[in-house]
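Treat the numbers as computed from the prediction; the structure is a model and nothing was measured. Values reported hereafter were calculated over all heavy atoms of this structure, with side chains retained and with hydrogens, waters and symmetry mates removed. Order of the sequence lines fixes the chain letters, A, B, ..., with proteins taken first and strands second; residue numbering starts at 1 for each chain.
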Protein chains: 2
Amino acid sequence: MTTMKDVANRAGVSTATVSRVLNGHAAPTEQTRTRVLAAIDELGYRPNALARSLRMHSTKTLGLIVSDLLNPFFAEIARAVEDEARAHGYCVVFGNADESAEQQATYVRTLLDRRVDGLLVCPATDDGGWVAEVTESGVPLVLLDRTVDGSTAPVVRVDGTEALRELAASLVATGHERIGVIAGPANTSTGRERLDAFSAALAELGRRPRPEHVLHGDFRRASGAAAAAALMSLPERPSVLVAMDNLMGLGALEELRGRGLVVPRDVGLAVYDDQPWFPLLDPPITVIAQPTVAMGGAAARSLLALIAGEQPADVRLTARLVSRGSCGEAGLVSERASSPFNTAVRTRPTSVSEEDS
Amino acid sequence: MTTMKDVANRAGVSTATVSRVLNGHAAPTEQTRTRVLAAIDELGYRPNALARSLRMHSTKTLGLIVSDLLNPFFAEIARAVEDEARAHGYCVVFGNADESAEQQATYVRTLLDRRVDGLLVCPATDDGGWVAEVTESGVPLVLLDRTVDGSTAPVVRVDGTEALRELAASLVATGHERIGVIAGPANTSTGRERLDAFSAALAELGRRPRPEHVLHGDFRRASGAAAAAALMSLPERPSVLVAMDNLMGLGALEELRGRGLVVPRDVGLAVYDDQPWFPLLDPPITVIAQPTVAMGGAAARSLLALIAGEQPADVRLTARLVSRGSCGEAGLVSERASSPFNTAVRTRPTSVSEEDS
DNA sequence: TTGTAGGCGTTATCAT
DNA sequence: ATGATAACGCCTACAA
């Protein structure tokens with residue numbers, strides 16, 4: 001590799017001057033400037049970011065740990081974070097915790113060791129053992145989507161209470177008596193909050209679900225299928241299923257399909273987290289949509305603010321019910337409004353060209 | 001931050017000794033070893049990976065640049081790469097080119113500057129201007145999914161020729177006369193190869209598609225919709241559409257649905273790239289499935305081999321037709337076999353627990 | 001305006 | 001077995 005010294009020699013100056021030219025610092029004559037630039041060009045010199053970071057105590061890098069990269073919900077968030085970060089001259093390195101607390105802790109340490117300037121974490125579980133390490137290291141931390149025990153870090157999250165209340169009301173109005181819930185893990189804040197909010201909403205309507213109709217999955221596909229299987233094997237099976245995550249919703253759908261059960265005739269289904277393909281199913285799936293892009297953007301901005309020494313407030317976005325009929329409900333709420341909600345802004349135009357050969 | 005010097009002071013030894021203990025090097029007495037370890041523990045010392053990398057000329061980090069993180073195809077690949085890398089003690093930093101050549105070039109430079117030990121790239125376009133930079137830097141490079149002009153780097157790709165031939169035969173056998181193709185960009189190897197292979201297969205059967213029935217999209221959702229719209233507006237519209245990518249397939253589906261066209265009654269549809277939700281549609285979508293997990297794993301292994309000084313051969317995996325009836329074809333090929341094909345191996349068990357409160 | 005020198009936190013080569 | 005000491009490649013007072 002060619003280093004700054006090589007450039008200095010080639011240009012007949014000292015490394016200090018090269019550095020100054022590189023960083024647009026004061027002083028260098030237009031003449032030496034061009035000489036240095038020429039040398040850099042001829043040698044194809046690229047500064048060593050490691051050395052620079054070591055010296056500068058800054059890597060211009062954000063660390064992002066998602067609970068599961070395969071979950072499109074997190075993939076979208078990751079993309080939004082990256083967009084925002086890049087716009088501010090930061091680069092993002094990802095870690096995939098795969099819904100595992102240990103793997104998450106490992107990644108936290110790895111990223112801390114690499115001296116990221118800030119850490120964005122979608123916590124896998126409530127366990128906040130790793131938070132202490134981050135605090136000690138002094139690296140700014142922002143929590144995304146889920147909270148964690150014993151942390152005072154800023155949080156960017158989604159409030160689904162109102163949407164779940166609307167869903168509960170809609171289900172009751174539709175005449176559902178037995179409501180099955182495929183909840184998230186009890187050791188995640190989102191897992192608990194969604195279930196609690198939904199249960200509370202039902203209770204207000206005098207319909208608390210039976211205990212055996214509430215199962216906890218792990219936010220992944222297979223657990224959704226297993227829960228659906230269990231629920232539909234009950235003597236008094238639910239008339240509608242509410243899956244608290246898109247992956248568990250997918251699993252539940254697969255299971256229902258496998259059992260030859262027709263939605264919503266045999267059993268209704270609603271899912272938390274919208275996905276582009278939900279409207280394509282027959283019937284289209286009723287969902288609670290979350291503003292993923294806004295979440296990622298807000299989280300990145302909060303972290304950047306923290307790095308800049310500010311004290312960003314928690315951000316609380318709100319989810320929205322998109323009623324599409326998969327619970328047998330009557331009126332479809334305007335579907336038109338749902339598309340822009342979760343659509344990332346694309347700057348480059350989409351091209352379609354005819355084959356000309 | 002606490003540094004090695006702090007630990008050395010605390011333990012009453014030199015930094016050299018601390019370093020030796022840390023790296024399990026020869027020499028330290030069991031006594032000093034425990035003293036050092038204790039100091040490390042008490043101080044909560046964590047080595048600075050930047051400094052270490054600067055000194056060691058190795059970051060134990062792989063760079064992965066995907067063309068579009070939002071495409072589940074690449075998300076799965078990314079996950080597989082990361083799994084394999086971690087198993088070998090490497091960490092992966094991602095870059096999202098977003099199907100843009102410039103952004104990709106930017107990321108290549110960024111990762112090179114950070115001195116990754118190896119680079120894995122899913123090229124956005126044929127343009128290989130960036131390859132020279134990588135070559136000069138001496139950083140090992142492996143190409144994934146797509147090839148690039150003027151590169152001699154090892155490539156891990158998928159051969160869809162046979163699957164496309166089977167698809168062509170199936171469509172012809174089903175009686176399709178007018179076959180519409182939503183091809184990928186002409187400036188990507190996969191875009192061209194899939195179209196070429198499919199066209200050739202049709203030609204063998206005496207059915208070359210009309211030029212106006214072949215449109216090029218950009219591997220993203222909106223372009224699939226636009227292409228489908230254009231094709232279905234033609235006076236002699238196709239009786240079946242073949243989308244050469246899952247995102248364009250999604251867009252096409254949305255467009256067809258929006259126009260009130262029923263698959264396969266009004267128009268058939270086949271898609272390149274399987275996704276978990278394709279079997280859930282009515283009818284289930286006929287696809288050409290790619291072994292994404294195997295691709296990611298193979299690519300990571302090739303890169304690791306390259307880093308180790310070996311000379312890995314190109315890897316060519318094969319895609320498979322999964323016929324589900326969305327083209328109006330009669331016999332459904334065994335669906336059973338399709339699931340395991342693209343399923344990532346999960347080591348931790350899936351848990352489903354009953355609500356006990 | 002430019003050069004010299006010291007240090008960022010490690011590891012490795014010498015001595016001791 | 002352990003301790004100085006010199007890099008690794010860069011930035012930045014301080015001097016000139």
Evaluation steps, side-chain hydrogen bond (donor to acceptor under 3.5 Å, both in side chains), between R86(A) and N96(B): CA-CA 11 Å; R86(A) 195 186 28 250; N96(B) 182 190; over 6 Å; no
Test log, rule salt bridge (charged side-chain N to carboxylate O under 4.0 Å, His left out), inputs R109(B) and D113(B): CA-CA 6 Å; R109(B) 260 190 292 271; D113(B) 288 352; over 6 Å; no
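- More than 12 heavy-atom neighbours from other residues, nucleotides or ligands sit within 6.0 angstrom of CZ on R35(A).
- T32(B) comes within 4.0 angstrom of the backbone, heavy atoms only, and of no base.
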Contact state string [nucleotides 6-15 of chain D, B base, S sugar-phosphate only, - no protein heavy atom under 4.0 Å]: BBBBBBB---
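- No side-chain donor-acceptor contact under 3.5 Å links N187(A) and T125(A).
- Heavy-atom contacts from other residues, nucleotides or ligands closer than 6.0 Å to CZ of R46(A) number more than 12.
- Taking atom CD1 of I40(B) as the reference point, atom P of dG9(C) lies 16 Å away to the nearest angstrom.
- Checked for salt-bridge contact, E84(A) and R301(A) meet the test: a charged N lies under 4.0 Å from a carboxylate O.
- Look at D6(A) and R10(A) and you find no salt bridge, because none of the NZ, NE, NH1 or NH2 atoms lies under 4.0 Å from a carboxylate O.
- Residues satisfying the side-chain contact (heavy atoms from CB on, under 4.5 Å) test with T34(A), not counting sequence neighbours, are E30(A).
- Rounded to 10 degrees, the angle between the two end axes of the helix from dT1(C)-dA16(D) to dT16(C)-dA1(D) is 50°, with five pairs used at each end.
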